[in-house]
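Notes follow the structure.
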There are 2 protein chains.
Amino acid sequence: MQAGFIDGGTILANIKDIAKHLGVSVSTVSRAMNNHPDVRQETKLQVMEAIRYFNYRPNALAKGLIQKKTFTIGLMVPDLSDPFPTSLSNAVEETLFEQGYQVVFGNGNRNSEKEKQFLQSAIERQFDGLILTPDFLDDEFIELLSSLEIPIVFLRRRPPEGLSIPYVDVDHYQAATVSMNYLIELGHRQIGFIGMPQSSFIGNERLRGYTDVMRKNGLTPEAGHMIFGGRTIESGREAMGKLFGHNPDLTAVFAANDLLGIGALEWLAMHDIPVPEKVSVIGFDNLEYAGLYWIQLTTMEQPRREMGRRAAQLLLQMIADKEYTPESELMEARLVIRRTCKARLTP
Amino acid sequence: MQAGFIDGGTILANIKDIAKHLGVSVSTVSRAMNNHPDVRQETKLQVMEAIRYFNYRPNALAKGLIQKKTFTIGLMVPDLSDPFPTSLSNAVEETLFEQGYQVVFGNGNRNSEKEKQFLQSAIERQFDGLILTPDFLDDEFIELLSSLEIPIVFLRRRPPEGLSIPYVDVDHYQAATVSMNYLIELGHRQIGFIGMPQSSFIGNERLRGYTDVMRKNGLTPEAGHMIFGGRTIESGREAMGKLFGHNPDLTAVFAANDLLGIGALEWLAMHDIPVPEKVSVIGFDNLEYAGLYWIQLTTMEQPRREMGRRAAQLLLQMIADKEYTPESELMEARLVIRRTCKARLTP
DNA sequence: CTGAAAGCGCTTACAG
DNA sequence: CTGAAAGCGCTTACAG
């Protein structure tokens with residue numbers, strides 16, 4: 001029951017084949033497919049049947065070319081192998097899919113060139129909108145951005161100054177003060193900080209939360225109590241080693257993300273330093289890892305699904321009304337108390 | 001220095017604007033852009049400059065429509081939140097990107113409808129090829145597949161009978177015999193099996209490895225030693241509970257994937273049953289999790305990057321030569337010995 | 001080396 | 001309710 005070859009020529013049916021087969025015009029077929037009101041019910045039914053018979057699918061390129069709308073949205077993620085953004089991407093994808101959009105993932109790959117190429121590709125392919133998590137906001141990238149007339153929202157990143165692009169992010173500073181206050185309340189005073197690369201905006205916001213809370217409590221954030229450089233388990237392990245080597249009197253550590261926190265826990269476990277009895281550790285992100293039986297990391301949970309959904313919704317609004325630039329959204333992280341933090345024994 | 005508005009009309013420059021601006025024909029601009037040999041060097045340079053000036057990017061829809069080639073490839077993954085496929089997808093993406101292709105991720109979502117919709121979308125959007133990991137091979141899906149004339153390769157799945165679609169997968173049966181032989185060599189005789197849902201081809205291949213090696217060693221795979229149903233940590237935990245509850249004399253467990261294995265380890269840890277002293281556990285996949293300090297799961301590593309790369313290469317070949325259907329590839333998994341398996345003490 | 005023309009597969013005013 | 005025609009933004013024989 002397959003059409004396969006039509007008139008011994010074309011491989012796949014197009015709208016012309018359908019029209020010819022039914023003895024109607026191409027316009028009529030088009031209208032019938034798109035539920036145009038001005039089509040006789042009978043005609044519509046015939047068209048539907050012919051479509052089934054020929055296994056016809058309209059060519060989205062032709063459609064997009066003429067309608068100037070592709071129902072395609074680009075979603076740039078910094079690193080496909082980073083576990084953090086997946087549930088976020090999932091939420092973006094679901095929200096957009098419900099509205100008939102296909103989302104195209106772009107692998108930024110923590111690589112400036114790839115990020116730019118993704119933008120280029122998005123322009124050439126006429127995407128309807130873009131959700132971006134760029135790591136490299138150099139001049140060239142910003143110029144590219146500003147030359148675009150596609151709706152854009154930033155996710156987990158702040159847009160460069162001067163561009164009115166809305167963003168969705170967590171208030172990292174505020175969240176960091178929450179976790180720091182928690183440690184302070186538990187009685188900790190000697191608190192270390194394991195940070196991401198200092199080029200990271202997010203990392204710096206969390207650091208700012210750390211230093212501010214320290215100062216507010218009359219404590220000096222000492223250079224020797226802070227260490228920067230990575231975002232992986234391995235670098236967390238290393239950092240913990242250095243930190244504790246220089247400051248064996250630390251009673252708590254604030255790790256700027258869970259991977260770093262888990263690395264810290266590994267180092268402490270390897271050196272038989274009991275957590276939380278001797279050292280408390282708090283992370284940030286609430287990755288799946290954090291809940292493992294052996295880890296049970298106390299951490300700040302980012303509302304990942306909500307962030308993804310919200311970013312998608314903002315974008316949808318912008319697409320619906322091109323004049324409108326919605327407000328950015330700063331969401332709150334939530335303290336998830338597990339088993340790596342404990343009140344310091346008052347001496 | 002931005003063009004922005006051209007002739008107070010169009011927003012974005014197109015090839016016509018460039019041509020008009022230079023006083024040459026559209027064909028000449030097209031040829032200059034595409035490095036056609038028959039273009040004067042000087043003309044080419046002028047075109048290049050105009051392109052820069054207008055910030056012009058060719059419309060990929062128009063290009064695709066006429067060239068019948070979109071440089072777009074669809075990659076279906078079963079579940080965006082599953083940690084297993086990411087490095088695999090990464091390798092696919094890298095390989096394809098090098099050759100100028102954009103890959104579009106499709107979220108199968110372990111949902112039959114979404115898988116079909118992705119195929120439909122791929123047809124409409126004229127993708128050049130497809131890498132598929134479908135979970136639902138019902139009749140409708142198979143018919144859809146066979147009506148396609150796009151090159152397809154299956155990744156981590158076997159194509160339905162009758163369709164000559166090449167695939168790339170690990171030899172799960174062979175790998176399972178490797179891990180089982182390892183347990184047998186360690187002296188284990190009472191070996192349990194924690195399996196995936198019985199609808200899973202992969203799960204059944206691993207099960208077959210288990211039962212065959214048991215039988216070859218004169219052991220009977222007892223129904224009470226096997227348990228099926230999930231692929232998550234939680235279901236591994238549950239399964240281990242049931243298994244051990246009924247068979248406290250088990251000395252080893254073969255978990256059909258790492259998540260199940262980790263769940264099993266959790267249950268054992270929660271019940272103070274020492275691993276590997278009392279019970280050995282072996283997994284399958286070698287997820288990142290498996291290497292965590294507290295887990296150190298002995299497991300079978302799948303060559304994920306190679307699988308992804310290979311699938312992409314096969315597809316590229318098929319795209320280059322549409323007549324050619326390459327051989328499928330069955331790769332070998334590798335035993336990664338960590339700390340969850342130990343020789344059984346001979347009584 | 002360059003241009004005019006046809007055409008890719010659709011949609012959409014415009015007429016009737 | 002339906003059809004003929006123009007057009008979306010390109011590429012590519014065909015002529016010159």
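A note on names: the letters A, B, ... follow the listed sequences, proteins ahead of strands, and every chain is numbered from 1.
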DNA chain C nearest-nucleotide lookup for D38(B) and S30(A): closer to the 5′ end is D38(B)
dC8(C) phosphate, OP1 or OP2, under 4.0 Å from N14(A) side-chain N/O: no
So, OP1 or OP2 of dT12(D): does either fall under 4.0 Å of a side-chain N or O from Q67(B)? yes
Side-chain N or O of K69(A) less than 4.0 angstrom from OP1 or OP2 on dT11(C)? no
Salt-bridge contact E149(B)-K322(B) (side-chain N to carboxylate O under 4.0 Å): no
Reckon K63(B) has a side-chain N or O less than 4.0 Å from the OP1 or OP2 of dC8(C)? no
Between D38(B) and R31(B), is the closest basic N to carboxylate O distance under 4.0 Å? no
Integer-rounded Å distance: dT11(C) P and L65(B) CG: 12 Å
May I ask which nucleotide in the shown strands pairs with dA15(C), Watson-Crick or G-U wobble, both distances under 3.5 Å? dT2(D)
How close or far is atom C1' of dT11(D) from atom NE2 of H36(B), stated in whole angstroms? 11 Å
Of V29(B) and T43(A), the one whose nearest nucleotide on DNA chain D sits closer to the 5' end is T43(A)
Is the distance from OP1 or OP2 of dT2(D) to the nearest side-chain N or O of S25(A) less than 4.0 Å? no
Whole-Å distance between dG9(C) P and D17(A) CG? 9 Å
Heavy atoms under 4.0 Å, any strand shown: does K16(B) hit a base, just sugar-phosphate, or nothing? nothing
Within the 4.0 Å heavy-atom criterion, would you say N59(A) contacts the bases, only the backbone, or no part of the nucleic acid? sugar-phosphate
Closest heavy-atom pair and its distance - H36(A), K44(A): O-NZ, 4.0 Å
Taking atom C1' of dG3(C) as reference, at what distance in whole Å does atom CG of L22(B) sit? 15 Å
Nearest listed nucleotide, side chain of S27(B), among dA4(C), dC10(C), dC8(C): dA4(C)
Residue V24(B), side-chain heavy atoms: nucleotide from dG3(C), dC1(C), dT12(C) that is nearest: dG3(C)
Which of the following nucleotides, dT12(C), dC1(D), dG3(C), is nearest to the side chain of R31(A)? dT12(C)
In whole angstrom, what separates N35(A)'s CG from dC1(D)'s C1'? 15 Å
Tell me: CG of L61(B) to P of dG7(C), nearest whole Å? 22 Å
Check ion pair R110(B)-D135(B) (N to O, under 4.0 angstrom): yes
Assign each of I66(B) and R57(A) the nucleotide of DNA chain C bearing its closest heavy atom; nearer the 5' end lies the nucleotide of I66(B)
Could you state the atom-to-atom distance from CE of M33(A) to C1' of dC1(D) in whole Å? 17 Å
For the pair made of CZ in F54(B) and P in dG9(D), what is the distance, rounded to whole Å? 15 Å
Can you tell me which nucleotide in dC10(C), dT2(C), dT2(D) comes closest to the side chain of T28(B)? dT2(C)
Does R304(A) count as lying over the ring of F84(A), i.e. NZ or CZ under 6.0 Å from the six-ring centre, within 45 degrees of the axis? yes
Given the ring of F118(B), does K116(B) sit roughly above its face, with NZ or CZ under 6.0 Å from the centre of the six-membered ring and within 45° of the axis? no
